[in-house]
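The structure under discussion appears below in the form of structure tokens.
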Amino acid sequence: MSSRTKKQHVVPRFYLSKFCDPDGLVWTYSGGDKPRGDKPEATAVETNFYSPIGAGGERFDGAEELLAEIESNAAPLWDELCAGRVMIGEEREHIALFLAAQYLRSPSTVRAGAEMMASFAHHTAQFIAAKRDAHDQSVDNYEEETGKSISPEEREKMRKF
């Protein structure tokens, strides 16, 4: 039985809890909808947001585990920080890393990173396809790694595609 976290917050629960009303609800507004109050556990959460599926078909939870560690280091310091305590040393590093992670973990930043990687892959594929030797070497490497054989006709279809 797996103990992995599937419901992953794009805004940490401990941080959301700082914005609760007296009933323990966080109020959110989305694209013209009416304001919605919900518990921090059910706010800013997506299933497997930071856990992509790897080549073997299993989820890779490294990013979620790293974010959990960053949050667990910062959470006990947060109230003191808000009260005006100046952090130094390792505590300051924990807060700085937490703040940086908040920017990097946002859906818009994750989406921008994915778009950048897709663009990079597209341009790399175009470059390889434009040079027959590079394309042939790439297909040769694929055949060697997988043990599959690709006919000359299929190679040319791939290159033109």
Side-chain angles (χ1 to χ4, degrees), residues 1-129 134 138 141-142 144-148 158 161:
M1 177 113 192
S2 174
S3 64
R4 56 179 300 274
T5 302
K6 292 179 186 175
K7 293 192 181 278
Q8 300 169 354
H9 285 80
V10 296
V11 178
R13 284 180 292 180
F14 93 84
Y15 188 73
L16 289 168
S17 70
K18 307 299 180 187
F19 297 92
C20 287
D21 68 8
D23 295 324
L25 302 178
V26 178
W27 289 86
T28 59
Y29 305 84
S30 178
D33 292 341
K34 292 181 180 180
R36 177 180 160 193
D38 220 332
K39 298 280 185 194
E41 296 79 26
T43 303
V45 65
E46 295 191 34
T47 303
N48 293 314
F49 185 71
Y50 302 111
S51 298
I53 298 173
E58 293 186 15
R59 294 273 176 188
F60 174 74
D61 293 320
E64 173 64 17
E65 291 164 1
L66 177 61
L67 289 169
E69 181 180 347
I70 291 169
E71 291 168 27
S72 67
N73 289 334
L77 305 171
W78 199 255
D79 287 337
E80 294 178 59
L81 180 71
C82 291
R85 180 171 163 236
V86 176
M87 303 289 167
I88 60 171
E90 190 175 77
E91 290 178 334
R92 185 180 192 134
E93 290 176 21
H94 290 320
I95 293 298
L97 190 55
F98 173 77
L99 293 173
Q102 297 325 292
Y103 171 74
L104 294 173
R105 75 188 290 171
S106 72
S108 61
T109 302
V110 170
R111 184 172 37 260
E115 289 171 2
M116 180 185 72
M117 292 303 295
S119 178
F120 179 73
H122 174 75
H123 289 294
T124 301
Q126 281 185 320
F127 175 79
I128 290 171
S138 178
N141 291 344
Y142 174 81
E144 187 176 315
E145 289 174 13
T146 63
K148 296 178 182 177
M158 290 167 58
F161 177 76

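As the structure is a computational prediction, the values presented were derived from the model and not from experiment. Only heavy atoms go into these numbers, but all of them, side chains included; no hydrogens, no water, no symmetry mates.
- Remark: E90 engages H94 in a side-chain contact (heavy atoms from CB on, under 4.5 Å) (not counting sequence neighbours).
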Under 3.5 Å, which donor-acceptor pairs link side chains of residues 33-41 to any protein atom two or more places apart or in another chain?
{"residue": "R36", "atom": "NH2", "partner": "D38", "partner atom": "OD2", "Å": "2.7"}

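- Atoms CZ and CE, from F120 and M117 in turn, are 6.5 Å apart once rounded to the nearest 0.5 Å.
- Counting only residues at least two apart or on different chains, the salt bridge (charged side-chain N to carboxylate O under 4.0 Å, His left out) pairs with a member in residues 70-88 are K18-D79, E71-R105, E80-R85, R85-E91.
- Rounding to the nearest 0.5 angstrom, the gap separating the CG atom in N48 from the NZ atom in K6 is 7.5 Å.
- Classified by interplanar angle (parallel below 30°, tilted 30° to 60°, perpendicular above 60°), the ring pair F98/F14 is tilted.
- Under the side chain to side chain donor-acceptor pair (under 3.5 Å) criterion, the residue pairs touching residues 109-118 are S106-T109, with sequence neighbours excluded.
- Scanning all heavy atoms of the two residues, the minimum distance from P107 to F49 falls at CA-CZ, 3.7 Å.
- Applying the salt bridge (Lys or Arg N to Asp or Glu O under 4.0 Å) test to R13 and every residue at least two apart in sequence or in another chain returns nothing.
- Remark: L81 CG to I95 CD1 distance equals 5.0 Å, nearest 0.5 Å.
- Between Q8 and L67, every side-chain heavy-atom pair lies at or beyond the 4.5 Å cut-off.
- Of all heavy-atom pairs between G24 and C20, the closest is O-SG, 3.6 Å.
- No donor-acceptor distance shorter than 3.5 angstrom exists from the side chain of D23 to the backbone of L25, with no hydrogens or angles considered.
- A side chain to side chain donor-acceptor pair (under 3.5 Å) check over residues 56-65, counting only residues at least two apart or in different chains, returns the pairs R4-D61, S51-D61.
- The minimum heavy-atom distance linking V110 with L104 is given by the pair CG2-O, 3.8 Å.
- Put simply, CG on L77 and CZ on R92 are 13.0 Å apart, with the number rounded to the nearest 0.5 Å.
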